[in-house]
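Input: a single structure, listed below in structure tokens.
Counting from 1, the numbers follow the sequence of the chain as shown.
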Amino acid sequence: MTAVAAPSVASLVQSVDWLAIAPPTIAAIVALVVLVADLFLGERRKALLGWVSVAGLAAAALALLPLLDGDRSTFCLETLKGEQTACSYTADHFTLVIQFLVLAGALLTALLSVTGIEDAKNTPRALPEGEFWFLLLSSAAGAALLPASRDLATLVVALEVASLPAFALVGIKRDDRRSSEAALKFFLSSVTATAVTLLGVSFVYATTGTLHLTRIATALTHVDGQFHTLAQAGVVLTLVGFAFKTAAAPFHFWVPDTYVGAPLPVAAYLSVIGKAVGFSGIILVTVVAFPSYADVWGPALAALAALTMTVGNVAALRQQATRAYSAVRLLAWSSVGQAGYLLVPIAAAAYSKDADKAIGSTVAYALMYAAVNLGAFAVAALVARTKPLNRISDYRGLYRSRPLAALVLGFFLLCLAGLPPGIIGLFAKVTVFSAAVDAGLGWLAVVMAANVVIALYYYLQWTATLFRSAEGEQAVQRIPAPLTAAIGLTAVIGVALSGAPQMVLRFASTGLF
């Protein structure tokens, strides 16, 4: 009896590749260090927590470098002969690209937050530093885990680890009714979407008997006829939670109020990292787990893409320049429209013979969007230091008071619009447009073209405002070093990518899976 049991027990012992899991692990460890250190540091020294967090995120990003030499997997099921059959964590090219986006985006958010927390000190808007940095790092760790997840259980856990701290970050401004309402709306809608997703996961598990994505893909190719409808329902419901994270319509209603109620760096984080989480999940469950059900998720995502870009751009077009927080609201609705563009290549992957190329278009667009959108929020944070209501009209005359900031913001807006000199934005839109045309989705390409024209109006209108004469004297303050670094880094990245846009597509699409 003992001789028979020993190999069986040994087969359950999993070796851990610590190098493969280093990026999210470092972020999680630094989060715990910050939480404990907060208990022992006095108020004067708590600023160190911000710089420890920045250093931790930089270290997590640097941990990606040793992984570039090839794919690595861990937490794998093995046969008695030691052969791997399915893994829960895989550090392939797709994982590394998204983890780079997440950790670099979180690092830029941290730089913005250092300034925001310092400005709010000794005011009624003061933020609890230890809690803030712990929540940001925890969310970043979950977001970095998600693209490496290769089973539905790990995907859902990573999604919630990324999301739950984000709810608290949105509502972290004490005694602020707008912040509390935003956090509550974000939380309730997200919990509902998660419940629907878990129902979908249970349907998929009931149909296939496994949670590993590669095994699900195999099992779904020969589903018994009586379970076909259950499998279809599972596929659709599983996508709902990830569609919510991407702010795809009709799951977008939380976005404008949440962005306005949250601290500005948190809004920037949600606009980029939140989308990276959602799109990573959608790509993994559709292309890796459900390829045999492309006839179900392909049309659904195409319809979502058309609806999302239209709703986002039309709502952004209606923003009034003199309304309080109109600049943040425009960026919020713009992010909804951009989510529609990002969905186009994923939908195209259902109809394309080369799914890797289509998905590469989404990843390339996401990299461009992350850099320029974080840059736009960084300049918005600069303006908010003297104009806390952050109206579009507050940007009037910015070129006269801060010429470099105005030029940089104008460049970012032109990138989002897809106009020169923002070549990277134009290149990304052409790539997405080509993916739709190549997949035979001509109608979706037409809808996208119409929305690009709509978006041109409000992006150009805001850009023109920067160079108009200001009314009265403009208050000028010294720009803190962290905020300067965030604006400078995003500007350098945007200009560099505009100089070699094909480099982004090559980096994003080479051997994704």
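Side chains of Val255 and Ser335 form a contact here, defined as non-hydrogen atoms less than 4.5 Å apart. The shortest distance between side-chain heavy atoms of Val452 and Tyr341 falls below 4.5 Å. Taking 4.5 Å as the limit, every side-chain heavy atom of Phe132 sits out of range of all side-chain heavy atoms of Ser53. Contact of the Val285 side chain with the Leu152 side chain is registered, since non-hydrogen atoms from C-beta on lie closer than 4.5 Å. When side chains are defined from C-beta on, Val97 counts as touching Leu367, because their heavy atoms get closer than 4.5 Å. In this structure, the side chains of Tyr395 and Leu409 come closer than 4.5 Å at one or more pairs of heavy atoms. Here the side chains of Pro482 and Glu118 are not in contact, with every heavy-atom distance at 4.5 Å or above. Here the side chains of Leu111 and Leu483 are not in contact, with every heavy-atom distance at 4.5 Å or above.
Counting heavy-atom neighbours within 6.0 Å of Phe100 CZ, excluding the residue itself, gives a total of 12 or less.
The nearest pair of heavy atoms linking Leu264 to Ala384 is CD2-CB, 4.4 Å. Heavy-atom minimum distance, Ala370 versus Val272: CB-CG1, 3.4 Å. When all heavy atoms of Ala405 and Val379 are compared, the closest pair comes out as O-CG1, 4.1 Å. In plain terms, the two heavy atoms of Ser361 and Val432 that are nearest each other are O-CG2, 4.3 Å. Minimum heavy-atom separation, Val437 to Ala445: CG2-CB, 3.9 Å. Of all the heavy atoms in Ala406 and Leu466, the pair that sits closest is O-CD1, 3.5 Å.
Atom CG in Leu331 sits 4.0 Å away from atom CH2 in Trp462 (nearest 0.5 Å). Taken to the nearest 0.5 Å, the CD1 atom of Ile479 stands 4.5 Å off from the CG atom of Leu382. Atoms CG and CG, from Leu419 and Leu456 in turn, are 5.0 Å apart once rounded to the nearest 0.5 Å. With rounding to the nearest 0.5 angstrom, the CZ atom of Arg396 is 11.5 Å from the NZ atom of Lys387. Here the OG1-CD distance, from Thr258 to Glu181, works out to 11.0 Å after rounding to the nearest 0.5 Å. Separating the CE atom in Met368 from the CG atom in Leu426 is a distance of 10.0 Å, to the nearest 0.5 Å.
Each side chain to side chain donor-acceptor pair (under 3.5 Å) pair with one or both residues in residues 438-457, not counting sequence neighbours, appears once here: Thr310-Asn451, Asn313-Asn451, Tyr457-Gln461.
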Assess the residue pair Phe377 and Asn373 against the criterion (side chain to side chain contact (heavy atoms under 4.5 Å, CB included)); give the C-alpha distance rounded to whole Å, side-chain angles, the decisive distance to 0.1 Å, and a yes or no. CA-CA 6 Å; Phe377 268 103; Asn373 206 61; 3.5 Å; yes
Show your reasoning for whether side chain to side chain contact (heavy atoms under 4.5 Å, CB included) applies to Thr246 and Val277. CA-CA 8 Å; Thr246 64; Val277 167; over 6 Å; no
Side chain to side chain donor-acceptor pair (under 3.5 Å) assessment of Lys245 paired with Ser190: CA-CA 8 Å; Lys245 295 302 176 187; Ser190 182; 2.9 Å; yes
Audit row: Val336, Phe253, side chain to side chain contact (heavy atoms under 4.5 Å, CB included) steps and yes/no: CA-CA 10 Å; Val336 174; Phe253 52 86; over 6 Å; no
Before giving the answer on side chain to side chain contact (heavy atoms under 4.5 Å, CB included), spell out for Trp333 and Arg318 the whole-Å C-alpha distance, their side-chain angles and the decisive distance to 0.1 Å. CA-CA 10 Å; Trp333 284 115; Arg318 298 178 57 197; over 6 Å; no
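For the residue pair Tyr269 and Ser113, no side-chain donor N or O sits within less than 3.5 Å of a side-chain acceptor on the partner.
Under the 3.5 Å distance criterion, the side-chain polar atoms of Trp297 are matched with a main-chain donor or acceptor of Phe290. For the pair Ser179 (side chain) and Val170 (backbone), a donor-acceptor distance under 3.5 Å is present. A donor-acceptor pair under 3.5 Å is formed between the side chain of Ser271 and the backbone N or O of Ala268. Judged purely by atom type and a 3.5 angstrom limit, Thr95 uses its side chain to pair as donor or acceptor with the backbone of Thr90. Judged by distance alone, the side chain of Ser434 and the main-chain N or O of Val430 form a donor-acceptor pair under 3.5 Å. Although no hydrogens or angles enter the test, the distance criterion places a donor-acceptor pair under 3.5 Å between the side chain of Ser498 and the main chain of Ile424. With hydrogens and angles ignored, the 3.5 Å screen pairs no side-chain donor or acceptor of Ser326 with any backbone N or O of Gln319. With hydrogens and angles disregarded, a donor-acceptor distance shorter than 3.5 Å links the side chain of Ser163 to the backbone of Leu159. Panel note: side chain Lys173, backbone Ser180; no donor-acceptor pair is recorded below 3.5 Å. Although no hydrogens or angles enter the test, the distance criterion places a donor-acceptor pair under 3.5 Å between the side chain of Thr362 and the main chain of Leu342.
Taking the six-membered ring for Trp and thresholds of 30 and 60 degrees, Phe186 and Phe167 have ring planes more than 60 degrees apart, a perpendicular arrangement.
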Validation: residues 301-309 side-chain donor-acceptor distances under 3.5 Å, sequence neighbours left out:
unit_1, atom_1, unit_2, atom_2, d
Thr308, OG1, Ala249, N, 2.9
Thr308, OG1, Leu304, O, 2.6

